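Just below is one structure, and these are the notes that go with it.
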Amino acid sequence: MEHTSVKDLLNAASIGKTAIAKGWVRTKRGNKNVAFIALNDGSTIHNLQLVADPTKFDEETLKKITTGACIRAKGEVVASQGSGQATEMQVSELEVYGEADVDTYPLQKKGHTLEFLREIAHLRPRTNTFGAVLRIRHNMAFAIHKYFNDRGFFYLHSPIITGSDAEGAGEMFRVSVLDAENPPRNEEGKIDYTQDFFGKETNLTVSGQLEGELGAMALGKIYTFGPTFRAENSNTPRHLAEFWMIEPEMAFHDIVDNQDLAEDMLKYLINYALTNCKDDVEFLNNMYDKELLARLQSVVDKPFKRMTYTEAIDVLVPNKAKFEFDVEWGTDLQKEHENFLVSHFGGPVILTDYPKHIKAFYMKQNDDGKTVRAMDVLFPWIGEIIGGSQREENYDKLLQRMNEMHIPEKDLWWYLETRKFGTCPHAGFGLGFERLVLFVTGMSNIRDVIPFPRTPKNAEF
RNA sequence: UCCUUCUUAGCUCAGCUGGUUAGAGCACAUGACUGUUAAUCAUGGGGUCCCUGGUUCGAGCCCAGGAGAGGGAGCCA
């Protein structure tokens with residue numbers, strides 16, 4: 001007889017059936033006459049209440065059933081006499097798969113701080129909070145593939161090890177098999193990477209975008225969804241050294257199409273969570289952030305405010321006195337400025353057409369000679385959840401910009417060739433997956449929305 | 001990387017002006033209780049006061065250095 005998930009056993013349709021449940025004990029309580037065991041198997045935030053008559057089981061077995069133990073229970077599913085749940089199981093058989101020593105098992109019935117749970121990341125998925133977060137994370141990943149697949153995008157696997165370090169997106173992690181203690185050196189005394197595995201310097205990718213563009217200029221619409229690595233010494237609740245990024249890239253799309261896609265996708269994903277992860281989102285709403293549900297619904301319902309960088313400066317400058325950092329045309333926006341815009345317009349804001357000198361080399365240059373077709377989507381609290389642009393498709397203009405920004409042509413010859421052979425207008429953006437999950441779950445630290453966070457000085461687990 | 005706050009029992013935290021044997025709640029154990037909902041009540045065990053050095057008759061408390069964590073900023077997604 002196969003076991004049934006707790007999720008299914010909690011459904012009223014299970015009443016009257018004899019079934020087997022397997023999972024981990026959350027709590028046990030009771031008295032001489034009756035024992036209640038709350039069982040969770042990860043299929044849902046809710047627990048199955050097992051009801052056992054202590055006189056029918058040997059004392060040793062019951063003693064081993066403690067918080068954290070893994071057990072199998074067989075019994076009849078009945079309508080619950082108590083008020084906390086619709087169904088419960090009247091247990092006839094109990095088997096303990098794995099005990100959890102009460103003196104050393106770190107999880108208790110009572111709540112723990114998120115900081116403490118980070119220190120026991122190997123066990124934290126067993127908590128309600130991380131169960132909810134991880135189920136939502138899965139659903140968001142699935143919904144992303146579904147969204148793009150349903151709209152004719154192809155999933156392109158961009159490389160994780162990259163030979164170009166010219167993308168300029170951040171500090172990189174070197175990939176090498178050379179002896180770190182005693183690396184081979186060339187005549188100049190520098191490390192000789194021609195002897196390394198790939199015969200050149202290689203790093204972990206900081207972005208799949210450039211490869212994504214190659215795919216878009218063949219398949220039309222593609223997206224990447226993979227891990228990304230930044231060796232920045234960033235210690236904030238919004239940065240990870242290893243994170244997942246979604247990067248759609250579309251031929252024949254301009255900056256407006258790009259905004260339309262970004263807004264539609266974000267709304268789709270948030271709505272997907274509201275309909276498919278209702279229990280988990282509600283749990284997080286009740287436990288951590290009472291505004292969560294309302295905020296998610298509001299983002300789905302309202303159009304995003306769209307404006308140019310220049311228009312945003314015009315909004316910000318009259319409020320100069322409120323800011324710590326000066327704001328004028330040409331400066332990059334600080335967090336406080338982004339926050340101001342988001343709260344001023346009461347929701348997400350899409351900014352476009354930034355000054356070219358604060359944006360990447362590949363962005364399409366506007367006719368004014370000053371701005372480029374960049375696009376940032378700013379979200380409440382998160383800040384920049386998406387960064388993207390229409391790309392410069394003109395070979396000469398792209399090359400000129402690369403020279404101005406001292407990006408070596410020889411490293412990106414393959415990228416330049418897309419502009420040489422059958423170039424076309426195209427656009428795309430990058431969405432930080434964890435920032436999306438952060439927003440959807442209402443968690444406040446990005447380390448709590450990825451199973452095993454990688455941050456400066458921390459690669460445990 | 002910068003600014004700032006913190007580090008005391010398994011967890012969350014008190015700890016007075018530097019002074020005897022470092023406390024509480026929860027967790028855990030034992031007992032009580034005829035259906036509980038993070039059950040309740042009673043009793044009990046449990047400490048490298050982050051580390052190193054210094055000041056002092058005396059340091060959890062003051063000073064210096066270090067480590068780790070949180071929040072804010074920068075970099076960005």
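Values below: every heavy atom of this structure, side chains too, minus hydrogens, waters and symmetry copies. Naming convention: chains lettered A, B, ... in sequence-line order (proteins, then strands); numbering from 1 in each chain. Just so it is clear, the structure is predicted and the values come from calculations on it, not from any experiment.
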### Query
Do A/Asn11 and A/Ser14 meet the criterion of a side-chain donor-acceptor pair at a distance under 3.5 Å?
no

### Task
Ignoring hydrogens and angles, state whether a donor on the side chain of A/Thr371 or A/Asn366 is under 3.5 Å from an acceptor on the partner side chain.
yes

Between [M] and [N] - [atom1] atom distance, rounded Å:
{"N": "B/C49", "M": "B/U8", "atom1": "C1'", "answer": "4 Å"}
{"N": "B/U7", "M": "B/U21", "atom1": "C1'", "answer": "25 Å"}
{"N": "B/U56", "M": "B/G45", "atom1": "C1'", "answer": "36 Å"}
{"N": "B/G47", "M": "B/G23", "atom1": "C1'", "answer": "11 Å"}
{"N": "B/U34", "M": "B/G44", "atom1": "P", "answer": "24 Å"}
{"N": "B/C61", "M": "B/G54", "atom1": "P", "answer": "14 Å"}
{"N": "B/C50", "M": "B/A67", "atom1": "C1'", "answer": "8 Å"}
{"N": "B/A77", "M": "B/U12", "atom1": "P", "answer": "35 Å"}

### Message
Between A/Arg238 and B/A73, is there a contact of a side-chain N or O with OP1 or OP2 at under 4.0 Å?
### Response
yes

Using 30° and 60° as the class limits, which term best fits the ring planes of [X] and [Y]: parallel, tilted or perpendicular?
{"X": "A/Phe340", "Y": "A/His344", "value": "parallel"}
{"X": "A/Phe461", "Y": "A/Phe452", "value": "tilted"}
{"X": "A/Phe304", "Y": "A/Phe379", "value": "perpendicular"}

What contact category does [X] fall into here, base, sugar-phosphate, or nothing, at under 4.0 angstrom with non-hydrogen atoms?
{"X": "A/Ile385", "value": "sugar-phosphate"}
{"X": "A/Arg26", "value": "nothing"}
{"X": "A/Ile246", "value": "nothing"}
{"X": "A/Thr113", "value": "sugar-phosphate"}

### Query
In the 5'-to-3' direction, what one-character label does each nucleotide of nucleotides 26-38 of chain B receive under the scheme B = base within less than 4.0 Å of a protein heavy atom, S = sugar-phosphate only, - = no such atom?
SSSSS--BSBBBB

Is there, by distance only and without an angle test, a donor paired with an acceptor across the side chain of [X] and the base of [N] below 3.5 Å?
{"X": "A/Ser234", "N": "B/C75", "result": "yes"}
{"X": "A/Arg435", "N": "B/C76", "result": "yes"}
{"X": "A/His112", "N": "B/C11", "result": "no"}

Can you tell me how far [atom2] of [N] sits from [atom1] of [X], to the nearest Å?
{"X": "A/Glu242", "N": "B/C76", "atom1": "CD", "atom2": "P", "answer": "21 Å"}
{"X": "A/Leu333", "N": "B/G74", "atom1": "CG", "atom2": "C1'", "answer": "14 Å"}
{"X": "A/Phe229", "N": "B/C76", "atom1": "CZ", "atom2": "P", "answer": "20 Å"}
{"X": "A/Met375", "N": "B/A77", "atom1": "CE", "atom2": "P", "answer": "11 Å"}
{"X": "A/Glu336", "N": "B/A73", "atom1": "CD", "atom2": "P", "answer": "9 Å"}
{"X": "A/Ile446", "N": "B/G72", "atom1": "CD1", "atom2": "P", "answer": "13 Å"}
{"X": "A/Lys335", "N": "B/C76", "atom1": "NZ", "atom2": "P", "answer": "14 Å"}
{"X": "A/Lys457", "N": "B/A67", "atom1": "NZ", "atom2": "C1'", "answer": "10 Å"}

### Query
How does RNA chain B look in dot-bracket form if you count Watson-Crick and G-U pairs under 3.5 Å, write [ ] for pairs that cross, and put | where a base pairs with another strand?
(((((((..((((.....[...)))).(((((.......))))).....(((((..]....))))))))))))....

### Message
Which residue is it: A/Leu292, A/Leu269, A/Leu296? I am looking for the one with a side-chain contact (heavy atoms from CB on, under 4.5 Å) to A/Phe439.
### Response
A/Leu296

### Message
Please compare A/Asn445 and A/His239 by the position of their nearest nucleotide in RNA chain B and report the one closer to 5'.
### Response
A/Asn445

Scan the side chains in residues 323-333 of chain A for donor-acceptor partners under 3.5 Å anywhere in the protein, sequence neighbours excluded, and list what turns up.
residue, atom, partner, partner atom, Å
A/Trp329, NE1, A/Thr310, OG1, 2.9
A/Thr331, OG1, A/Glu328, N, 3.4
A/Thr331, OG1, A/Glu328, O, 2.8

### Query
Residues in ring-ring contact (aromatic ring centres under 6.0 Å, His included) with A/His112, at least two apart?
A/Phe116

### Pairs flagged by salt bridge (Lys or Arg N to Asp or Glu O under 4.0 Å) wherever residues 26-53 of chain A is involved - sequence neighbours left out
none

### Query
Are A/Arg126 and A/Tyr105 in a cation-pi setup, meaning NZ or CZ lies under 6.0 angstrom from the ring centre and within 45 degrees of the ring axis?
no

### Query
Nearest to the side chain of A/Asn235, which nucleotide is it out of B/G70, B/A73, B/G68?
B/A73

### Summary
By side-chain hydrogen bond (donor to acceptor under 3.5 Å, both in side chains), A/Tyr415 pairs with (sequence neighbours left out) A/Glu213, A/Arg419

